[in-house]
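The chains referred to below are lettered A, B, ... by the order of the sequence lines, with proteins before strands, and numbering in each begins at 1.
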Number of protein chains: 2
Amino acid sequence: MTGLDLKQWTSDSVAADLERAIHEHRLPPATKLGEDELGEAYGISRTTVRAALHALSHRRLVELKRNRGAFVAQPSVREAREVFEARALLEPRTAHSAAERMTEPALARLRESIVQEHAAMQAGDDGRALFLSGQFHLEIARIADQTTIEAFISELVSRSSLIIALYWRRRAALCETQAHHALLEAFEQRDGAAAEQLMKSHLLDLVASLDLRNVAEPATSLREALKK
Amino acid sequence: MTGLDLKQWTSDSVAADLERAIHEHRLPPATKLGEDELGEAYGISRTTVRAALHALSHRRLVELKRNRGAFVAQPSVREAREVFEARALLEPRTAHSAAERMTEPALARLRESIVQEHAAMQAGDDGRALFLSGQFHLEIARIADQTTIEAFISELVSRSSLIIALYWRRRAALCETQAHHALLEAFEQRDGAAAEQLMKSHLLDLVASLDLRNVAEPATSLREALKK
DNA sequence: AAGTGCAGTAATGTATACAATTCGGCCTGC
DNA sequence: GCAGGCCGAATTGTATACATTACTGCACTT
């Protein structure tokens, strides 16, 4: 477990640590996140753990079931589609803005991100590669100088990682860095329209790589299903 | 205060209650939300109040200052612009989808919303009118059957209410229901393109009615300003 | 008189103890 | 043999007590 007892953990840092673990698929969907267990792992009390779990539940990365506990979320097929529809609304035009505001240091950060992503993939660390891939998308929103939209994209990217964990079809991997390279070129040329279009197809490719056939998942619990 | 001791308050219901109070301008920006004070008002312990305040801080309706407490957020001019830029990305195309999926019961709900909004305004209850105006926008996302985007819009609408509290220019009021009526007509005709366009201009009008001249707000605290 | 240092106070941050609820196993009865 | 109900264990939900931090006022120094 991550919980080295050296650090002074706060609810925020614990939440960030857990989010990264989820994002990197070290904590797969449906994993039970017991408060006592986590508290012991991090060397803190349940109070702080609870705050972290609640924070993650607000980002839909964790599902809180009353009197049952916290579990890594399992996005439904429906939710998976919605997440990518939301990304399709936000990211292309954000990429457009980013291209227009692009600077040399920003380009350097994007290149560095791709390099690290590539390295992680070479090292066979798929989880880390996936996380870094998300960082690339986040960095674009940061460059576009839209912190509000950045926060939304951050949530959506993390949730996408859960979706990939559940619905990823082909393990063929190179497609990601390829698309990011293409985006980088558009950014280098400050070509907003191209960046917007590339981001749009990149997201469509992502959805296409998923197996989102509706399998009519049984209600997880009758209680839930009968609520209304 | 709202805290009637009849109800069994949970952190979620307290958060919802506070959010509504903020949305209706009963709790203006910068209001101190003391844990003890709220706990006493609702007849619950600080633990539950804290959870509610944390939830609201995740929606950027409340600012948590470490060891200082919780305050109703005061969006900056910058943040105000960002909120409406995000809405401009999300809402027009959501309105488009809504128009295409429109049903008679959904239309009835929209009409009812407008009626109530109008009634509240006639009654001089500006806060409630503002809240209902937000409900209209939310209902559209609900009709579009996009719960993920709906959650984002819900947050943005509530934050918009804070922005209006801070930067509203003219008290002239009728503009809101007017725009909503126009949208309703587009919905009645299932005209997605028109709805999208009307929503776009409606949001632009809203921004235009604000006074977002940059006044270079002084750093709220030197500590914050010098953090990096 | 202005600014600095110090201590008191009041609030939040954290941990722990108790209460409530859920689920699992077992047992009984038909 | 199976369905239904009861009881127990485990885990979360809530409240309270303690620790920590930041601000406020006052006295003191220069």
Exercise. Measure from the side chain of Ser45(A), starting at C-beta and using heavy atoms only, and say which of dT14(D), dT12(C), dT16(C) lies closest.
Key: dT16(C)
Quiz item: For the side chain of Arg50(B), counting heavy atoms from C-beta on, which of dT12(D), dT16(C), dT12(C) is nearest?
Solution: dT12(C)
Quiz item: So which nucleotide from dG13(C), dT16(D), dC23(C) ends up closest to the side chain of Arg68(A)?
Solution: dC23(C)
Polar atom pairs between nucleotides 17-20 of chain C and protein, under 3.5 Å, N or O only, would you list them?
none

Quiz item: Is a side-chain N or O of Arg169(B) found less than 3.5 angstrom from the main chain of Ala208(B), in a donor-acceptor match?
Solution: yes
Practice problem: Would you indicate what Thr48(A) reaches in the nucleic acid, counting non-hydrogen atoms under 4.0 angstrom: base, sugar-phosphate, or nothing? | Solution: sugar-phosphate
Quiz item: How far does the helix from dA1(C)-dT30(D) to dC30(C)-dG1(D) bend, going by the axes of its first and last five pairs, to the nearest 10°?
Solution: 10°
Distance-only donor-acceptor hits, side chain of residues 47-55 of chain B, under 3.5 Å, sequence neighbours excluded:
from, atom 1, to, atom 2, distance (Å)
Arg50(B), NH1, Glu35(B), OE2, 2.7
His54(B), ND1, Arg50(B), O, 3.0

Exercise. Report yes if some heavy atom in the side chain of Arg159(B) is under 4.5 Å from a heavy atom in the side chain of Thr148(A); otherwise report no.
Key: yes
Exercise. Measure from the ring center of His180(B) to the ring center of His118(B) and say whether it is less than 6.0 Å.
Key: no
Quiz item: Does some side-chain heavy atom of Ser161(A) sit less than 4.5 Å from a side-chain heavy atom of His25(A)?
Solution: yes
Quiz item: From dA15(D), dG13(C), dT14(C), pick the nucleotide closest to the side chain of Glu35(B)?
Solution: dG13(C)
